[in-house]
Every structure is written in structure tokens, then in C-alpha cells.
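Working notes for the structure below.
Computed from a predicted structure; not experimentally measured.
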Amino acid sequence: MADPSIPQLEKHIRRMAADSANVAFTDHADVRMRQRHVNRPMVFDVLLQGRMNLPPEPDIRHGGLNCRMVRYVAGMNVAVVVDVEYPAPELVIVTVIDITKE
């Protein structure tokens, strides 16, 4: 099967993130969220309404594709790197970045 396109991945991420049971946060993501003052509702806003601004990259650790979703939310530009094993429903939040400070 061919790799999914960016629009297919965005649609998949939005559909899966609509049910929070499909979303898991790594310890690293939780630490970065605290450091960067990003909360879970902000992360879900990015997942549900954000856009991928870079092509996905293979994730050696988790085995899927790392997709970087970005959106301006709560006064800051937030990027959420999510591991996607398309078409599986599980999403793993790898890290969260305040790209305003990047």
C-alpha cells in the first residue's frame, strides 16, 4: 500500500482525535507541555483543526509516521508531533512545541 497523502493523514488525525480514547501522551510530551504552558485542550485543538506544515517522517521509536500539526491557539503558535500508524486509530503525542519561540 502506498504512503498516505498529507490531506489523508490530516483527515485521519482529525477523525481519530475526535475520540480522546484514541490519543496517548508520552511522558516526554507531558513534560514539554508543562514547560511550554500548553494544556491538553490546546493539543486537541491543534489535532482537530491544525494543518501539517512539513511532510511526515518515519518514526523509528514508535514505528509509524511523525506528523507535525500546527495551529495558532490561545495566543501562541503550537506544533504537536503525533505518531500515526495509518490506518490504525491510535495516535501517540510525541512532543509539543511552542513554535513562536522556535
Side-chain angles (χ1 to χ4, degrees):
M1 182 166 101
D3 287 336
S5 66
I6 288 176
Q8 286 174 314
L9 285 168
E10 287 177 341
K11 183 177 179 181
H12 177 73
I13 291 167
R14 288 187 187 98
R15 194 171 53 246
M16 295 306 106
D19 181 356
S20 63
N22 293 329
V23 181
F25 290 77
T26 63
D27 291 338
H28 175 81
D30 284 331
V31 168
R32 294 297 177 248
M33 287 168 60
R34 280 191 300 276
Q35 288 175 339
R36 296 168 178 152
H37 308 289
V38 174
N39 58 35
R40 288 187 181 217
M42 292 167 69
V43 169
F44 278 95
D45 188 288
V46 173
L47 295 176
L48 293 169
Q49 299 184 47
R51 295 276 180 205
M52 286 178 57
N53 66 344
L54 297 172
E57 298 178 359
D59 185 327
I60 296 168
R61 176 175 279 174
H62 297 101
L65 292 172
N66 274 346
C67 300
R68 181 174 164 156
M69 300 286 286
V70 298
R71 179 168 166 77
Y72 186 79
V73 59
M76 59 195 298
N77 286 307
V78 177
V80 175
V81 178
V82 58
D83 178 64
V84 179
E85 289 192 40
Y86 185 86
E90 296 83 16
L91 303 175
V92 177
I93 308 303
V94 177
T95 194
V96 177
I97 306 161
D98 176 359
I99 56 177
T100 306
K101 297 178 180 176
E102 189 176 66

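When all heavy atoms of Leu48 and Ala18 are compared, the pair lying nearest together is CD2-N, 3.7 Å. The two atoms that bring Val94 and His28 nearest to each other are O-CD2, 3.2 Å, heavy atoms only. The minimum heavy-atom distance linking Leu47 with Ala17 is given by the pair CB-CB, 3.7 Å.
To the nearest 0.5 angstrom, Leu54 atom CG is 11.0 Å from Asn66 atom CG. Once rounded to the nearest 0.5 Å, the distance linking CG of Leu91 with CZ of Phe25 reads 10.0 Å.
The closest side-chain heavy-atom distance from Val78 to Val96 is below 4.5 Å. Looking at heavy atoms from C-beta onward, Asp30 lies in side-chain contact with Arg40 at the 4.5 angstrom threshold.
A continuous path of ILVMFWY side-chain contacts below 4.5 Å connects Val82 to Val73, so both sit in one hydrophobic cluster. Under a hydrophobic clustering in which Ile, Leu, Val, Met, Phe, Trp and Tyr are joined whenever their side-chain heavy atoms come within less than 4.5 Å, directly or via other members, Val23 and Val92 fall into different clusters.
When atom types are taken as modelled, the side chain of Arg32 and the backbone of Asp98 share no donor-acceptor pair closer than 3.5 angstrom. Distance alone, capped at 3.5 Å, is enough to place a donor-acceptor pair between the Asn22 side chain and the Met16 backbone. Side-chain atoms of Thr26 come within 3.5 Å of backbone N or O of Ile93 as a donor-acceptor pair.
Atom CG of Asp27 has 12 or fewer neighbouring heavy atoms from other residues, nucleotides or ligands inside a 6.0 Å radius. In Glu57, the CD atom is not crowded: 12 or fewer heavy atoms of neighbouring residues, nucleotides or ligands sit closer than 6.0 Å.
In this structure Arg36 satisfies the salt bridge (charged side-chain N to carboxylate O under 4.0 Å, His left out) test with no other residue, sequence neighbours excluded. Scored by the salt bridge (charged side-chain N to carboxylate O under 4.0 Å, His left out) test, Arg71 finds Asp45 as partners (sequence neighbours excluded).
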Contacts under 3.5 angstrom, residues 4-13 side chains, donor-acceptor by atom type, not counting sequence neighbours:
unit_1, atom_1, unit_2, atom_2, d
Ser5, OG, Gln8, N, 3.2
Ser5, OG, Gln8, OE1, 3.3
Gln8, OE1, Ser5, N, 2.7
Glu10, OE1, Arg51, NH1, 3.2
Glu10, OE2, Met52, N, 2.8
His12, NE2, Ala88, O, 2.9

In sequence, state the C-alpha distance, the side-chain angles, and the governing distance for Met76 and Met42, and then conclude on side-chain contact (heavy atoms from CB on, under 4.5 Å).
CA-CA 10 Å; Met76 59 195 298; Met42 292 167 69; 3.6 Å; yes
